[in-house]
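So the structure is just underneath, and the comments pick up after that.
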Amino acid sequence: MFLVVGATGQLGTAVCTRLASEGYQVRALVRPGSRYQHLGRLGVELILGDLLDPDSVRSASRDIDAVVATANASLPRQRGSSFDAVEGDGYFNLLRVCRRLQIERFVFVSVPVTPYDDLVPTFRYKRLNEERLRQSGLPYTIVRTAPFMDEWLALLGSGLPLRGEEAHTLRRGYWFSTLYMAVASRLMDVLGVALVPGHGWTRHPFVAVEDVARYLVEALFQPAAADTVLNLGGPEILTWNEAVDACSRALGRTIRKVHVPAVLFRLHQVALSRLAPAASNLMGLSWVHAEWATLYEPAEARPVLDTTMLTTVEQFVRTKAALAGR
């Protein structure tokens, strides 16, 4: 039996789908007010509760062989979804219970290391929980993923990455992301305009969520993944400008690049930090991704996964365009 924490999110849903399709028993800890019905249709055993409630964490973890933890507070939907709550207290509860039950493997989804980790909550708490996990004595696998093309191509100004994704991160009901996508989601697809972070020459191996889910499931069973920190990116390292060009080829149309200065993201991050912490965090993520490259080579994934199967940006956009009938 496998426990997926963060199962109602896009990546968590993809992990549940893959495990269930391969015949494994899957359990998910889900909040009572969250959208979890699609997990029930997959045959996932649902435990209603919260990471902040030790009793529900214990109930969800009983008779579990391994945990895949994708939960984060980057775009909260409910009260109690703050960074301190979910990624601070919540993960503390989860790791404490898993240690007592002697879970066989704990797979934790993290982010790349940057010089700006202390300035952005997502990066800061991922570093904290990586260290907690290493110190816990649990057999672990930490997977630091490159930026998800499902999210960041959407933030460039496209609604295509949301196609066919009931649990897409940007559809989780948070006011800031909902407002942003309402304004920007047709820029690339209809007007042929992409909002590029910074000067556009920062490079990332953008990776598809489905590939990340496949990687996490493989990591559960691979001896080479035990007690390691693994870097996962896509099959190509592209600048933001090159990623837009790949979208242009996939859509068969010219897309004009409008560059948003990185300093604007940083200024908005600071201005929103007290008023709207999650919106501030998203601005901080945009600032970091505009300024700091993620240079994971495809070969780094090979101990766990055949990298020839990873999805390129152009393949991803073509698939989403086909779903939209374009």
Would a distance-only check, ignoring hydrogens and angles, find a side-chain to backbone donor-acceptor pair under 3.5 Å from [X] to [Y]?
| X | Y | value |
| --- | --- | --- |
| Trp287 | Leu267 | no |
| Ser56 | Asp53 | yes |
| Thr70 | Val5 | yes |
| Ser34 | Val30 | no |
| Thr319 | Gln315 | yes |

Worksheet item: Hey, would you say the Phe206 and Trp240 ring centroids sit under 6.0 Å apart?
Response: yes
When you check the side-chain N and O atoms of [X] and [Y], is any donor under 3.5 Å from an acceptor?
| X | Y | answer |
| --- | --- | --- |
| Gln269 | Ser280 | no |
| Asp245 | Ser248 | no |
| His259 | Asn241 | yes |

Take a 6.0 Å sphere around [atom1] of [X] and say whether it holds more than 12 heavy atoms from other residues, nucleotides or ligands.
| X | atom1 | value |
| --- | --- | --- |
| Glu22 | CD | yes |
| Gln25 | CD | no |
| Arg256 | CZ | no |

Item to complete: Dump the intermediate steps for side-chain contact (heavy atoms from CB on, under 4.5 Å) on Asp50 and Val57, then the final yes or no.
Response: CA-CA 7 Å; Asp50 195 300; Val57 174; over 6 Å; no
Could you tell me whether [X] and [Y] have a side-chain N and a carboxylate O separated by less than 4.0 Å?
| X | Y | result |
| --- | --- | --- |
| Asp118 | Arg124 | no |
| Glu314 | Arg318 | yes |
| Arg214 | Asp211 | yes |

Worksheet item: Going from CD on Glu104 to CG on Asp65, what distance comes out if it is rounded to the nearest 0.5 angstrom?
Response: 5.0 Å
Practice prompt. Measure the CG-CG distance between Asn281 and Leu272 for me, rounded to the nearest 0.5 Å.
Written response: 11.0 Å
Worksheet entry | Arg105 side chain near Thr141 side chain, heavy-atom distance below 4.5 Å |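 Yes, their side chains come closer than 4.5 Å.
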Practice prompt. List, by chain and number, the other hydrophobic cluster members for Leu295, where Ile, Leu, Val, Met, Phe, Trp and Tyr join if side-chain heavy atoms come within less than 4.5 Å, directly or indirectly.
Written response: Ile237
May I ask whether [X] and [Y] are part of the same hydrophobic cluster, defined by side-chain heavy atoms of I, L, V, M, F, W, Y residues being less than 4.5 angstrom apart, directly or through others?
| X | Y | result |
| --- | --- | --- |
| Ile47 | Met1 | yes |
| Val111 | Tyr296 | no |
| Leu285 | Val270 | no |

Discussion item. Quick test of your reading: applying side-chain hydrogen bond (donor to acceptor under 3.5 Å, both in side chains), list the pairs with at least one residue in residues 200-209, sequence neighbours left out, ordered by first then second residue.
Written reply: His204-Thr294
